[in-house]
Amino acid sequence: MTLTSVSLTCLYLAIGYYSGSLVFFILKKKRTMEFFFTGGFLFHTISQVSRGWFIGIFTPVALFEEVFFLPWCLAFLVLGLRFLEKDRDLIYTSISPVFFFSLITLFVPKGIVPPSPNMQTFFAPMFFLFEVLAHACFVMGAWFAFRYLHRREEARFFDSFIIWGFIFYSIAQVTGAIWCYSGWATLFNWSSRHLQSAAIWCFYAAYMHLRFLPVWDMKKKAGFSIAGFTLVLFLSTLGYFNEMNMPRLGG
Amino acid sequence: MLQRIWKFSGNVNITFYLLLFISLNLAAASFYVKSYPQIFRPLNNFLLQNWFRFYGQNYPDKIWWLWTLFSLLCILGVNISVCTLDRIFHLWSKRKQMSLKVFSLRSTPSLIHICFLIMLTGHLISMISGFNLSMDAVPGEKTSLPIKASIRVLDKNCDFYNSPELLRGIVKQCSVSLELEESGEKTVKQIGFLEPLFWQGFSFYLTMDKKADASKIKLIIRNDPGRKLILSGFVFLVSLMLWYFTQINKGNK
């Protein structure tokens, strides 16, 4: 069995296990749901790691490709929250976005974008790692903001997700700028990708200022973070469609 | 009256709406840049004023977002400067009533804003000054630099993947030999992808397009006076943010 088939098999198993955990969550079978979710996360981890060797040599950028890495980050955050927060019923509602984003991976090409010489730097995988981690925080923030708006007072920790998402996103922009400078001689390019990143950064920078505006209570902040998620989804989804047209190796 | 104008200029409410409008402006800009690459791609290789002369002024209906973006950023710059000064004066007058740690913590948002202003200034300097040239990295190509020096491409060699099978024929690395001449003195240096050369205040880079075509490698020559401001501002901004929110988080617990 090659690493390519290990990666793909584990990805399909992970999606199956995530869907199983969602079913058992709806049926309120907590233990079985936890078993399926943890199993899904383990299969997903194996799939992601083996994805790095998808084409026979190690390509670190492939590990952090957003479509595949985002649901892994979401699952990781769910498991992390499970140990930190008391209200597990509330936390496990976020299996839904994990399932939704892992389902998307079924419909995109599984191969990897050929490694270009400009990607052979430590800053390239670091950029993708922090960018996707930030997106995952924004998704989780929006999800718990949505729960907060539906009379779940305990979900007010959505604000922390947005703050840490913004910090990760800023780190991604710094590593991305260094990568861009060493590869393309500029810290900022007038390209749609860079402008979209700047748009998302400014949106969440605006969110960070809400703490100084008393008129913006938690309910309004929750609404704003859901709007932020819509912006991220809209701009990132367009990126996915663009990447689907790229030449790929290995499937 | 002056005091009222000062207070209004540094209002956080205005900061919030400005950032929101800038965000929407940038989102709209990304669609224009994607839809009209023939107009906006050269913006990466020209100084702003030169790009406007050769490209921008011919398409006023496609570049409106650039004017609104610059206007909003200018207003944001003024807004943040006033807000930061106001807060620093306020905190400084009360510094003896708090510990050094509390004072540092409360001053951090102002320092973050200063870093942001430094970054904005760096971007402006990069866009309107310095030197930016893109040319084909083909042996024999020659160009002059504004410091009475010239460069010539001597040689180009590319290394391709032989294995695994899937990667066969894809470019792994290229190296280009450059002859640099200043005041009659000649030196030969080599550059490669992600291996730039820094010489007499100029930097020399190799780049290639997304199709990774080895025959279309470009040599970029830059003198970017704003880069240090942008990079140092951003690094300090992120470090301060990390420290600030970690401390706030600890305080909440």
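Naming convention: chains lettered A, B, ... in sequence-line order (proteins, then strands); numbering from 1 in each chain. Everything quoted here is computed from the prediction, not taken from an experiment.
Rounding to the nearest 0.5 angstrom, the gap separating the CG atom in A/N189 from the CG atom in B/L43 is 9.5 Å. Atom CD1 of residue A/I178 and atom CG of residue B/L231 lie 5.0 Å apart, to the nearest 0.5 angstrom. Distance CG/A/L187 to NZ/B/K228: 12.0 Å, rounded to 0.5 Å. Here the CD1-OG1 distance, from B/I230 to A/T186, works out to 7.5 Å after rounding to the nearest 0.5 Å. Atom CG of residue A/L210 and atom CG of residue B/N13 lie 9.5 Å apart, to the nearest 0.5 angstrom. Separation of atoms OG (B/S23) and CG (A/L231) is listed at 5.5 Å; rounding is to 0.5 Å.
In this structure, A/Y181 and B/S203 have side chains that are in contact, with non-hydrogen atoms separated by less than 4.5 Å.
With a 4.5 Å cut-off on non-hydrogen atoms, B/Y32 does not touch chain A at all. A/I167 touches chain B through backbone and side chain together, each having a heavy atom under 4.5 Å away. Proximity to chain A (any heavy atom under 4.5 Å) is restricted, for B/L237, to the side chain, taken from C-beta onward. Proximity to chain B is absent for every atom of A/F123, based on heavy atoms less than 4.5 angstrom apart. Neither the backbone nor the side chain of B/W51 comes within contact range of chain A; no heavy atom of the residue lies under 4.5 Å from a heavy atom of that chain. Using a 4.5 Å cut-off between heavy atoms, B/M127 contacts chain A through its side chain alone, with no backbone atom that close. Interface remark: B/Y161 contributes side-chain atoms only to the contact with chain A (heavy atom separation under 4.5 Å). When heavy atoms are compared at a cutoff of 4.5 Å, B/R227 approaches chain A by way of both its backbone and its side chain. Using a 4.5 Å cut-off between heavy atoms, B/I220 contacts chain A through its side chain alone, with no backbone atom that close. If you measure heavy-atom distances from B/L66 to chain A, the contacts under 4.5 Å come from the side chain alone. Of the atoms belonging to A/L213, it is side-chain heavy atoms, and not backbone ones, that fall under 4.5 Å from chain B.
Exactly one residue among A/F203, A/Y207, A/F224 makes a ring-ring contact (aromatic ring centres under 6.0 Å, His included) with B/F16. That residue is A/F224.
For the residue pair B/S30 and A/S192, the shortest heavy atom distance occurs at O-CB, 3.3 Å. Considering all non-hydrogen atoms of both residues, B/M208 and A/W184 come closest at O-NE1, 4.4 Å. Residues B/I170 and A/P114 share a closest heavy-atom pair of CD1-CB, 3.8 Å.
The backbone N or O of A/W190 lies less than 3.5 Å from a partner atom in the side chain of B/N44, making a donor-acceptor pair.
Around the NZ atom of B/K189, the shell of radius 6.0 Å holds no more than 12 heavy atoms that belong to other residues, nucleotides or ligands. Residue-environment remark: CZ (A/F157) exceeds the threshold of 12 foreign heavy atoms within 6.0 Å. Annotation: A/R82, atom CZ; neighbour count of heavy atoms from other residues, nucleotides and ligands within 6.0 Å is above 12. Heavy atoms of other residues, nucleotides or ligands lying less than 6.0 angstrom from CZ of A/F58 number more than 12. Annotation for B/F236: atom CZ does not count as buried by contact number, only 12 or fewer foreign heavy atoms lying within 6.0 Å.
Between chain A and the options B/L194, B/V238, B/L26, heavy-atom pairs under 4.5 Å are most frequent for B/L194. Note on B/R222, B/Q173, B/E195, B/R41: by heavy-atom pairs under 4.5 Å with chain A, the leading option is B/R222. Of the residues considered (A/P115, A/A177, A/S197), A/P115 shows the highest number of contacts with chain B, using heavy-atom pairs under 4.5 Å. Contact tally against chain A (heavy-atom pairs below 4.5 Å) for B/I22, B/L167, B/I221: the top residue is B/L167. Note on A/H209, A/Q120, A/M208, A/R193: by heavy-atom pairs under 4.5 Å with chain B, the leading option is A/H209. Here A/W201 is the residue among A/W179, A/W201, A/Y204 with the most heavy-atom pairs under 4.5 Å with chain B.
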Open item on the list: Evaluate B/F245 against A/W164 for ring-ring contact (aromatic ring centres under 6.0 Å, His included), listing each step before the verdict.
Closed with: CA-CA 8 Å; B/F245 285 108; A/W164 283 103; 7.5 Å; no

Open item on the list: Is there a ring-ring contact (aromatic ring centres under 6.0 Å, His included) between B/H123 and A/H194? Walk through the geometry before answering.
Closed with: CA-CA 14 Å; B/H123 274 297; A/H194 285 222; over 10 Å; no

